[in-house]
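A quick write-up on the structure given underneath.
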Amino acid sequence: MASIEIDDIGPITHFDYELRGHGVHVLRGKNGCGKSTIERVVQLITDGATDVRPTKRDGAKRGSAEVCGKVLRITEKQSRFDGELQIEGLENLSIADLHSPKFETVVTRDRHRIKTLCRIAGAGADITEFHYLLGGREKFEEIIPRDSMKTDDVVKMSQMVKSAIEVKGREIEQLKSNAESDALAQSTIAKWVDTAQPHDESLLQQVWLKASQDYGALQEKRRAYRAGVKAAEEAREKLKELPAGKSVAEARAELEMARDARQEAADADHQAFDAIQSLEQLLREAKLARETTKAKFDAADRAEISAQEALTAANQAVETRGALDAAIEAAGMLTETTEEEVDNAAEAVGRAKDAAALGLRIRQAIEAEQKAKTLLAKVNELRAQAERLRDAAADVQDVLTAAIGKLPNCPLKIKIDSNGDPRLITETPRSPETPFDDLSDGEKWLIVVGLAVSKNRMIVLSQGAWGELSGESQAKLHEAAMACECFVLTAKADNGELRGEPYRVESVEAAQ
């Protein structure tokens, strides 16, 4: 049987109360009789902490208290515990601190409450709880390195995760924006180009090359014609300047005659020499004859040389005339290239060049269209990634909600506000997302104590907290404690002596 017995502590000489049945038990009595002392003693024994440490009664040697099997002994110098507690305490957890943490800002109070609730629920700072947000551990750690999330504060971890996801989301949004700009630029390149026109680079280059070759051939033909005409004119002028001279036949005849004369002179010379040899007596005549024949021989030599020169000159004249005639004949075979033909060829080259340039623009436009399609696909992919990241950042609150949701029948949820801070909310008739900090003190106490109750647990609820609950809320709290087989010890002032009473619903109706 659970019981409370206190001797010589604070203003209490002796107090003995048996906790008959689970639910709420109320300490009653006038102000200053020791109700708060009992609450502090019970809290110290069951939870190990209290806001004011109880002391022995003045004049007593020692004080002692026994709560559910565990004994506290207090002397002047020390406090000592003996025995084993037969019920469960809150393990240094103050439900008053969960109800109204002593922090100035709402955000800080909610952070403290969430951390406390996670501790009650046994939900530590476990990064693996966030992996599902990004599709598993591997994808999660691609975005958020595990080493960057080292903390034992689950609320801080959730904010770090949310911040990291949002940073990655902004990076993806920027990549998406860049891809959209690039896609627009590529689409603009292709916008005013008719990609259905011929644009094969090899074919257009061949057309351009053929037109250029045709144009070059016409230009060369024109230059050859003009050079031939000029050469013919020069040949005609040179023909006019050539001397009349002897013909080749005449010069050849004279050469034959000179050669015959020379042969005759040679024969005569031989005869004269023979005559000189054989006839000394005819020496004078022979010498004279020889001199005569020698003169003829010299004349014949001179005639032969002159004839040879005349033949050479005649041959040269024939060759020159032949070359000039050939030049004139070749010029006569050339045809003039018209200006229209040259202009048409030049226009063909220009058209081929323009077609090649247009083909390049068309190919660039087609390439730009393909790039634009690829970029737009990338934009859609990045948009989906950004949306997933935004959803994941928003879903961080679900991880925290799931953590505190490990508490049985927890009515609280967590919502990330516009500043990225986690806020405790709950559903009320006023709103489905009423901030916990906006609840009345009574509404808060009902939730806080409801979360703390569990089988065979002792909870101390201050007199002030109990008084803040409406009669209906007190009844609900009592029912919850009974359902969980839990003890809730609280207090209420009246004019009677110090005592303990089980909570009775009918007492609420009577008081009303």
Self-check item: Phe436 and Val448: CA distance, side-chain angles, deciding distance, side chain to side chain contact (heavy atoms under 4.5 Å, CB included) verdict
Solution: CA-CA 10 Å; Phe436 180 80; Val448 167; 3.9 Å; yes
Taken to the nearest 0.5 Å, the spacing of Cys410 SG from Ile447 CD1 works out to 8.5 Å
Inset, instruction - Take Ser79 and Leu72 through the side chain to side chain contact (heavy atoms under 4.5 Å, CB included) test and state the conclusion after the steps. - result: CA-CA 7 Å; Ser79 298; Leu72 167 65; 4.0 Å; yes
- Query: Quick one: does Ser3's side chain get under 4.5 Å of Leu19's, heavy atoms only?
  - Reply: no
Exercise. Just do the side chain to side chain contact (heavy atoms under 4.5 Å, CB included) check on Phe15 and Ile38 with the steps written out, would you?
Key: CA-CA 9 Å; Phe15 175 80; Ile38 296 171; 3.7 Å; yes
### Message
Between Tyr215 and Leu218, does the side chain to side chain contact (heavy atoms under 4.5 Å, CB included) criterion hold? Intermediate values first, please.
### Response
CA-CA 5 Å; Tyr215 178 69; Leu218 280 174; 5.6 Å; no
Notebook entry, point to check: Which is it for Glu171 and Lys168 under the salt bridge (charged side-chain N to carboxylate O under 4.0 Å, His left out) test, yes or no, and what are the steps along the way?
Noted result: CA-CA 5 Å; Glu171 291 177 3; Lys168 187 64 177 181; 3.7 Å; yes
Heavy-atom closest pair (Gln159 atom, Pro422 atom, distance to 0.1 Å) is NE2-CD, 3.3 Å
Shortest non-hydrogen pair, Lys415 vs Gln397, comes out as CA-OE1, 3.4 Å
Rounded to the nearest 0.5 angstrom, the CG-NE2 distance for Leu461 and His99 is 9.0 Å
In this structure, NZ of Lys61 is separated from NZ of Lys56 (nearest 0.5 Å) by 11.0 Å
Practice prompt. Please test Lys35 against Glu39 for salt bridge (charged side-chain N to carboxylate O under 4.0 Å, His left out), starting from the C-alpha separation and ending with a verdict.
Written response: CA-CA 6 Å; Lys35 298 186 298 297; Glu39 287 183 326; over 6 Å; no
- Task: Would you sort out whether Arg109 and Asp437 count as a salt bridge (charged side-chain N to carboxylate O under 4.0 Å, His left out), showing the intermediate values?
- Result: CA-CA 8 Å; Arg109 289 196 293 271; Asp437 210 70; 2.8 Å; yes
Of all heavy-atom pairs linking Ala125 and Asp152, the shortest is CB-C, 3.6 Å
ask   = Backbone N or O of Val24 within a donor-acceptor pair of the His478 side chain at under 3.5 Å?
value = yes
task: Before accepting this row, confirm whether a basic side-chain N of the pair Arg430/Glu443 lies closer than 4.0 Å to the acidic partner's carboxylate O.
output: yes
Note: Glu84-Lys70 ion pair, threshold 4.0 Å (strictly below) = no
Answer yes when Glu142 and Lys139 have at least one side-chain N-carboxylate O distance shorter than 4.0 Å, and no when they do not. no
*asked:* For Lys406, I'd like to know if atom NZ has over 12 heavy atoms of other residues, nucleotides or ligands within 6.0 Å.
replied: yes
For Arg222, is there an ion pair with Glu339 - N to carboxylate O distance below 4.0 angstrom? yes
Worksheet item: Is Asp8 salt-bridged to Arg62, going by a charged N under 4.0 Å from an acidic O?
Response: no
Checklist line | Close aromatic pair by centroid cut-off 6.0 Å: His25 and Tyr503 | finding: no
- Query: Can you find a heavy atom in the side chain of Ile6 that is under 4.5 Å from one in the side chain of Tyr17?
  - Reply: no
Point to revise | Leu439 and Thr434, any side-chain heavy atoms less than 4.5 Å apart | key: yes
Of all heavy-atom pairs linking Ile144 and Val161, the shortest is CD1-O, 3.9 Å
Checklist entry - Thinking salt bridges, do Arg113 and Asp110 make one under a 4.0 Å N-O criterion? => result yes
Rounded to the nearest 0.5 Å, the CZ atom of Phe130 sits from the CG atom of Asp395 at a distance of 11.5 Å
Can you find a heavy atom in the side chain of Val399 that is under 4.5 Å from one in the side chain of Ser158? no
Note: Leu446 and Leu469 closest approach over all heavy atoms is N-CD2, 3.8 Å
Looking at side-chain heavy atoms only, is the closest gap between Ile114 and His112 below 4.5 Å? no
The reported gap from CG in Leu424 to CG in Leu400 (rounded to nearest 0.5 angstrom) is 9.5 Å
Point to revise | Verdict with supporting geometry, Glu173 and Lys176, salt bridge (charged side-chain N to carboxylate O under 4.0 Å, His left out) | key: CA-CA 5 Å; Glu173 287 285 0; Lys176 179 178 75 69; 3.8 Å; yes
Is there a donor-acceptor contact under 3.5 Å from the side chain of Thr426 to the main chain of Leu412? no
**OP:** Check for a donor-acceptor pair, side chain of Asp421 on one end and backbone N or O of Asp417 on the other, with a separation under 3.5 Å.
**Re:** no
Fill in: Side-chain heavy atoms of Ile9 within contact of Thr55, under 4.5 Å
no
In short, Gly34 meets Pro11 closest at the heavy-atom pair CA-CG, 3.8 Å
Sequence neighbours excluded, the answer for salt bridge (charged side-chain N to carboxylate O under 4.0 Å, His left out) partners of Asp153 is Arg111, Lys115
Gln205 vs Ser202, test: side-chain hydrogen bond (donor to acceptor under 3.5 Å, both in side chains). Steps then yes/no. CA-CA 5 Å; Gln205 285 290 345; Ser202 177; over 6 Å; no
Under a 4.0 Å N-O cut-off, is there an ion pair linking Arg499 with Glu497?
-> no
**Prompt:** Heavy-atom distance under 4.5 Å between the side chains of Gln206 and Leu203, does that happen here?
**Reply:** yes
Hey, are the side chains of Thr46 and Leu85 touching, using non-hydrogen atoms and a 4.5 Å cut-off? yes
* Donor-acceptor pair, Gln86 side chain versus Ala2 backbone, under 3.5 Å? -> no
- When you measure from the side chain of Asp7 to the backbone N and O of Gly63, does any donor-acceptor pair fall under 3.5 Å? no
So CE of Met482 and NE2 of His22: to nearest 0.5 Å the spacing works out to 9.5 Å
